[in-house]
Amino acid sequence: MTETYHPHAIEVKWQRKWEDSQLYRSKVDWSKPKHYALTMLPYPSGDLHIGHWFAMTPSDARARWMRMKGYNVLFPMGFDAFGLPAEQAAISRNIHPWKWTYANIERMREQLRSMGAMFDWEREAISCTPEYYKWSEWFFKRFYEHGIAYRGSALVNWSESLQTVLANEQVIDGKDERTGQPVAHKMMEQWFFRITQYADELLDFAGMDWPQAIKIMQTNWIGRSEGARAVFHTEVGGHPIEIYTTRPDTLWGATFMVLAPEHDLVEKITTAEQRAAVEHYIDEIAAETEIERMMEHREKTGVFTGAYAINPVNDERIPIWIADYVMITYGTGAIMAVPAHDQRDFEFARAHDLPIRVVIQPADMTEPLSDEAMSEAYDGPGLMVNSDAMNGSESDWRKGRKNPAINRVIDWLEATGKGEEAVNYRLRDWLISRQRYWGGPIPMMYDGDEIIPVPDAELPVELPEDVDFMPTGRSPLTYHEPFFKVDDSIRRETDTLDTFMCSSWYQLRYLSPDCATAPFDAEEAAYWLPVDVYTGGAEHAVMHLLYTRFFTKALRDIGVFDATAAAMRRHGREPAGVFDEPMTVLRNQGQVLGGEHQGDFVLCSGRMDGGKMLAERIEVVDWNQVPAGFDGIFGEIAHRTENVLHVDMAGITQFVEVLPGAVIHIPAIPGANNVNQLSHHLEIQRMSKSKGNVVNPDELVEQYGADVVRCYLMFNFDWQKGGPWNENNIKGPQGWLHDVWEIALAGAPESASDLSAERNIERKLHQTIAVVNRGLEEFSFNTAIAEQMKFKNALKAALRTGGIGAEMWRALMSQLIRLLAPFAPHIAEELWALLGWEYSVHEQPWPQYDADKAREELVELVVMINGKPRETIAVAVDIAQERAQELALASEAARRSLAGKPPKRAIFIPGRNGSDPKVNIVV
RNA sequence: GCCUCCGUAGCUCAGGGGUAGAGCGCUCCCUUGGUAAGGGCGAGGUCAUGAGUUCAAAUCUCAUCGGAGGCUCCA
């Protein structure tokens, strides 16, 4: 008699037991190697969704595997709990952000527990608690003291809908990355972190095992370029205008200059005649949103300031314009325009009738470039011309000093004091202030213009709870007098910290979330740091993942890790390099998308009215079952809006308006049907409530059990890619776990042990171990599970055939269950107990791969004729070349095709790692 | 426009110079006192397309087409 597999009781039972026995408490133990596995902490938005499961359960499986391999594993979890949704809930539903956030955290904790993950809950950290944000404030102060945090005036991104400024990284295509609302540029005084100081170090990924895509995105975002700075002066007044260029070799081709409309000098140099036009243009630009300004292919607009500059390289007098294609935020906000060799300048010159002068002449052109004939800028290689002493220098494709012409010009600029070599970055300093309530307070005060840091002893500056949320969206801190009014002259900062600051160091807080004397305990950090494996979404490429790297380096430089380094040395661990980067290995999971489903196939009858049908009857039928003689519209419902159907009739979209009293017949839904019950085609796309394609993990766990859901998520997708949800495929992992259950409960076979049968299944087992190891190592969870399914099939077949003795059966089961444990922790624990082994399976050693046991003994020697396989001969694995060639030449296939003639060649390919040996005979 | 990654069975994916693979799904058969099932047999692929290198290309190179993601007036 066997019991059937009922996941529910098992899962709840073991989750409780694990907690009671503190199975997943991770404690510093210098006698064991450590492994810090971290998965991005969730925002407590209310409900755990399938994406969380997809991100976390495979990471959990890998952490469990490391643990069984003998590592002391830390796998913590917490909440990134500050942020706008809480504040929006406060405004729209009158729930205080504390209450909303904590209620959500409570709920999500429970849901997280249902995963059966090995989170160490005693290390939980929640970023919105005063115990946590005290240290966010403390870090801010340290940064301020070391000049990494500063208050400055800059053109920043202002989101009208969120009523706050945003960092550059949070703005995509001129829109706020969260809500998609447009942002405007505004000059504001704000707090910044000097991330640009770390630009070069952030470009260095040496020793970091991160996805190529992330490294490229960060590299692009930092946007390092090499070139030169040169100073032009205005003809009148001699004001210096600094410019940055990557093409100093084209300095002699500058025929005008362009300043960004926001440039300081504009006001000073604009002549009386041009003032009205310039001011008008500036107003126009200011009114534009960032989106409008970034539109592609827009015309190059701009106005002449009336002023002229002197080109330092040739003393030429050139006009100064302003135009919005020059950004105040990049370089110096001013450019020398070289229309012959820069497409933007070229377009501007043509639009405003400015001169063009060729200064790079390509060597291999039949027709030399000429100012008049050019239809576009030439930015290729060539020889410098019209450039005085520099003429003849060769400019190639290379950038910076590597380019001979650029190198020569830079030397000359430096020798003559007209300019110097320069490096420029696209990266801006990190704008850290937010005009919001629900964030960590910035621990600063103001007495007029004087900035006064809040003394350390007074940290944390706590968020007041008795605040009113106004529908205007303004932060309640700005009108909460007890908060901002320190005394008659001193006013407290009412801006709060960007939540990305809180998440830049949470990996440190997990080490000692209760530590009251420091942000983290040095003894813990000395053992656990750095994070060994970090998993999460790629959408954080240039935000969280860049910020946390910067943060770590900044902490290192201001000495925050000094005590940790000392503790490391005491324990004999070398601290050099440990604090350079927060996470050694990074892997991104893909996204689970909503599944595709077909729309109903309908027959529509009614009358035609213009291009559409006014339907009186809609009938859902089986796919393509169109009755003979049916003359209405038929096909799949591709789309439906209200009562208008878009029916795909053999590839052509037909519009059908369903009339109010129309008869709708849907056989699958009994009773009277209505138009809302017709289902339309659903594309593969992101899950969202509005599309009605979300999958609720709680329901899945209810129906299948957590182990099946975990295994389905790991098995059905390439984890790093993601893919469409297909609940049908859940049956695969379900059947697998059912089978393993059956095999285990059936007990040891009674058949006598047969050496060769046992040897064969053992070989399969060890081959499986190798593949599972590799799958887990490489985050290829799907292959790791597929291989275990194969082994299960092989085992089942072997048990049926017989020859597996009781002893071997137990040995196999012991290893099979241990292999299963990281993936399906509950069923593995249950079977482990049922077979009488000691609690817990998760504390057992991982099955040891044995290459000798995995090796095949007999292999097929493949005889190929001209590269085409023709015959196989069974031979020993380690067959020697001569013997193999001999056998191959003697084969039937070889004799047939050689017909007595000697072969041209016979190439022997030894069999290696699993593949058969081969001999290719060339005739 | 530029950069990166990817096109292998119906689906999800391994593999990767040397006989085209897995799981699921599917067909058919068996079982029907393991039953919201179980067992067995099987079908199914010009490895996106074209060219090159090679004794041998799904695999390497180049081009083209298709897909995904990122950047984009960056001087």
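Chain A is the first sequence line, chain B the second, and so forth, proteins listed ahead of strands; every chain is numbered from 1.
When both distances must be under 3.5 Å, the Watson-Crick or G-U wobble mate of B/U32 does not exist. Taking a pair to require two hydrogen-bonding distances under 3.5 Å in either a Watson-Crick or a G-U wobble arrangement, B/A58 remains unpaired. As the counterpart of B/G25, no nucleotide is assigned, since no Watson-Crick or G-U wobble pattern has both distances under 3.5 Å. Taking a pair to require two hydrogen-bonding distances under 3.5 Å in either a Watson-Crick or a G-U wobble arrangement, B/U46 remains unpaired. In this structure, B/U53 makes no Watson-Crick or G-U wobble pair, since no nucleotide meets both defining distances under 3.5 angstrom. As the counterpart of B/C71, B/G1 is assigned, both hydrogen-bonding distances of the Watson-Crick or G-U wobble pattern falling under 3.5 Å. As the counterpart of B/C65, B/G7 is assigned, both hydrogen-bonding distances of the Watson-Crick or G-U wobble pattern falling under 3.5 Å.
Closest to the side chain of A/R426, out of B/C13, B/C71, B/G38, is B/C71. Closest contact between the side chain of A/D718 and the listed nucleotides B/G25, B/C13, B/A75 involves B/C13. For A/T783, the listed nucleotide lying nearest its side chain is B/A14; candidates were B/A14, B/G70, B/C55.
Atom name C1', nucleotides B/A48 and B/C41: the rounded distance is 33 Å, in whole Å. B/C13 sits 33 Å from B/U31 when the C1' atoms are compared, rounded to a whole Å. Annotation: B/A9 and B/G44 have their P atoms spaced 15 Å apart (nearest Å). Taking atom P in both B/C30 and B/U35, the straight-line distance is 22 Å, to the nearest Å. Straight-line distance between the C1' atoms of B/A58 and B/A20: roughly 8 Å, to the nearest whole Å. B/G40 and B/C62 have their C1' atoms separated by 49 Å, given to the nearest Å. Distance noted for atom P between B/U61 and B/C26: 39 Å (whole Å). Nucleotides B/U54 and B/G17, compared at atom C1', are 9 Å apart to the nearest Å.
The base of B/C55 has none of its N or O atoms less than 3.5 Å from a complementary donor or acceptor on the side chain of A/K904. Taking 3.5 Å as the limit, the base of B/G34 and the side chain of A/E742 contain a donor-acceptor pair of atoms between them.
With salt bridges taken as basic N to acidic carboxylate O contacts below 4.0 Å, one links A/E242 and A/R229.
Residue whose closest nucleotide on RNA chain B sits further toward the 5' end, between A/W221 and A/H738: A/H738.
Around the NZ atom of A/K215, the shell of radius 6.0 Å holds more than 12 heavy atoms that belong to other residues, nucleotides or ligands.
Interatomic distance, A/L831 CG to A/L745 CG, rounded to the nearest 0.5 Å: 6.5 Å.
Two rings, from A/Y712 and A/W725, have their centers less than 6.0 Å apart.
No side-chain donor from either of A/N782 and A/D718 sits under 3.5 Å from a side-chain acceptor of the other.
Distance, A/F715 CZ to B/C11 C1': 10 Å, rounded to whole Å.
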